[in-house]
Every structure is written in C-alpha cells, then in structure tokens.
Amino acid sequence: MTPGEGDLQLTHDGAPVVVRRSARRRRTVAAFWEDGKAVVAIPAHFSRAQEKEWVSRMLDKLRRQGLRRSAGAGKRKPATDTALAAHAAALSARYLAGRAVPTSVRWVSNQNSRWGSATPSEGTIRLSDKLRPMPQWVIDYVLLHELAHLLVAGHNAAFWRLLDSYPETGRAKAFLEGVSFATSRGIGGPSNGAPSDDSRHQDALDPGCADAD
C-alpha cells in the first residue's frame, strides 16, 4: 500500500481523489478527471509530505481550471421551461450537431430518484428542480445526457461517444456523485435526499488535465 492509499480523500466538490505513483515520473505532477474521480499522478519517490503538498496544489489547480472554463459561461440559468427548451436546443446544436430535437423540455418537482429523465419515444425531457441551485456546467451535463438519450436509449459506447465533445462530463459526474454521497450521509444537500445520477456506473470522459513541473 502506498502512502495515503488507505485514506479517504475528497475534492471540494465531494469527489473521490486517487493518488497514482509512477516510477517513470521524475519531476512532473499531473491531475485530471477519470471515471468520476480526481486523479493526481506523482513521482514514486515522493515522500508523504510531498504527496500531501502536491495533491493539495493540484486539486486546487483542477478547481481553478474548471472555474475558468465555466466562468466564460456567465449566462443566466434557464429559469422557465421555455428558456430551458431554448437552452437545450443551443446545447444540441453545439455538441450534438443539432440531431437531438426534443418535443418538450421542462423542470419538474416530483422527480426524486433521478437528476433528469427522457422518454425517447415522445421526445420529452424532464430535469429535477433540485438542479436549479447547481453550477450551470452541471445542469448542462444533465441536459446533454438526456438529449443524448433521444438519440441512443441505453448507456452503451455509442451513447458516451455523443458526450465526447462536452468538456465537463467527468467533472459534472463527480460533482453529482459528491452531492449524492454527502446527502446520503446527512452532510447537507436537499433535505428530502438527492436524486441519483443514472449514469454514475459508466465511464466518465476526461474533461481536461492540469500539469505542473
């Protein structure tokens, strides 16, 4: 067991942190999202103190990197069903070549087991209103996830390829997993429980990588 391997460490969003030691790394340290986890890759010769220092640095760098990516989207959150539908159309055009064309997209208050749901045969999409206070890049991920279901019903490889172009997939999945994890343990979140991410068992896409010498 490597130092720290038995420790449970979470990001500020509540996502699990994995530290990987590599004999091939001499001086470089990297951090990236993988399968809903924040991975920090460090040289094998690092001491426990160096590991602690660099994990903290790189998690902060990942956080700031994500904030920079989402800061540019200083757009209003779609508050109404009409605005949500228009936003869904924009996301479909940008990330799915406009192929996903829902008949309706709306916020719902009675959806407690999932963040979002879609009925491909009807072309309808519903998002839980528990998403409203969350960052826009998280809402966009759930919306794109459901838009993709209008094209591919299951969670197979073809489905996940549709989300390849969205850079926040892994980070958003980790965020939602963190919310569910915290809520299930009474650490906060919606008082009546957080919905689950129906894709949490699937492979997350890598939204980016932060490196340091």
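- Pairing each heavy atom of I125 with each of A118, the nearest pair is CG1-CB, 4.1 Å.
- Here the closest heavy-atom approach between residue Q111 and residue S128 is recorded as O-OG, 3.4 Å.
- Residues A83 and A79 share a closest heavy-atom pair of CB-N, 4.2 Å.
- Looking at M134 and W115, their side chains come closer than 4.5 Å, going by heavy atoms from C-beta outward.
- A heavy-atom distance below 4.5 Å is not found between the side chains of V101 and S92.
- Note that CG of L143 is 5.5 Å distant from CG of L84, once rounded to the nearest 0.5 Å.
- Note that CZ of R114 is 8.5 Å distant from NE2 of H145, once rounded to the nearest 0.5 Å.
- Atom-to-atom distance recorded for K130:NZ and W107:CH2 is 12.0 Å, nearest 0.5 angstrom.
- Summarising the geometry, atom CG belonging to L96 is positioned 8.5 Å from atom CG belonging to L91; distances are rounded to the nearest 0.5 Å.
- Considering every non-hydrogen atom in both A100 and L147, the closest pair reads CB-O, 3.5 Å.
- Going from atom CG of L131 over to atom CG of L176 covers 7.0 Å, rounded to the nearest 0.5 Å.
- Heavy-atom neighbours of R126 CZ from other residues, nucleotides or ligands within 6.0 Å: above the threshold of 12.
- R132 pairs by the salt bridge (charged side-chain N to carboxylate O under 4.0 Å, His left out) definition with nothing, not counting sequence neighbours.
- Between the side chains of S165 and R94, not a single donor N or O lies within less than 3.5 Å of an accepting N or O.
- Listed by chain and number, the residues in a salt bridge (charged side-chain N to carboxylate O under 4.0 Å, His left out) with E53 are R57 (sequence neighbours excluded).
- Side-chain contact between D140 and H87 is present, with at least one heavy-atom pair separated by less than 4.5 Å.
- Under the 30°/60° scheme for interplanar angles, the aromatic rings of Y166 and Y95 are found to stand perpendicular.
- Taking each heavy atom of A85 and V105 in turn, the nearest pair found is CA-CB, 3.9 Å.
- Shown here are the side chain to side chain contact (heavy atoms under 4.5 Å, CB included) partners of A86, two or more places apart in sequence or in another chain: there are none.
- Side-chain contact between V29 and P43 is present, with at least one heavy-atom pair separated by less than 4.5 Å.
- Once rounded to the nearest 0.5 Å, the distance linking CG of L127 with CZ of R106 reads 10.5 Å.
- For V18, the side chain to side chain contact (heavy atoms under 4.5 Å, CB included) test picks out R20, K37, V39, with sequence neighbours left out.
- Using a 4.5 Å heavy-atom threshold, the side chains of F46 and V19 count as separate.
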Could you please spell out the steps behind the side chain to side chain contact (heavy atoms under 4.5 Å, CB included) verdict for M58 and I42? CA-CA 10 Å; M58 298 309 287; I42 63 174; over 6 Å; no
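- Partners of D81 by salt bridge (charged side-chain N to carboxylate O under 4.0 Å, His left out), not counting sequence neighbours: none found.
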Could you go step by step and tell me if R99 and L162 meet the side chain to side chain contact (heavy atoms under 4.5 Å, CB included) rule? CA-CA 10 Å; R99 290 182 293 155; L162 292 174; 3.1 Å; yes
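- In this structure, the side chain to side chain contact (heavy atoms under 4.5 Å, CB included) partners of P135, at least two apart in sequence or on a different chain, are W137, V138, F175.
- A pairwise comparison of heavy atoms in A148 and L163 identifies CB-CD2, 4.3 Å as the closest pair.
- By the 4.5 Å heavy-atom criterion applied to side chains, R21 and H45 are not counted as neighbours.
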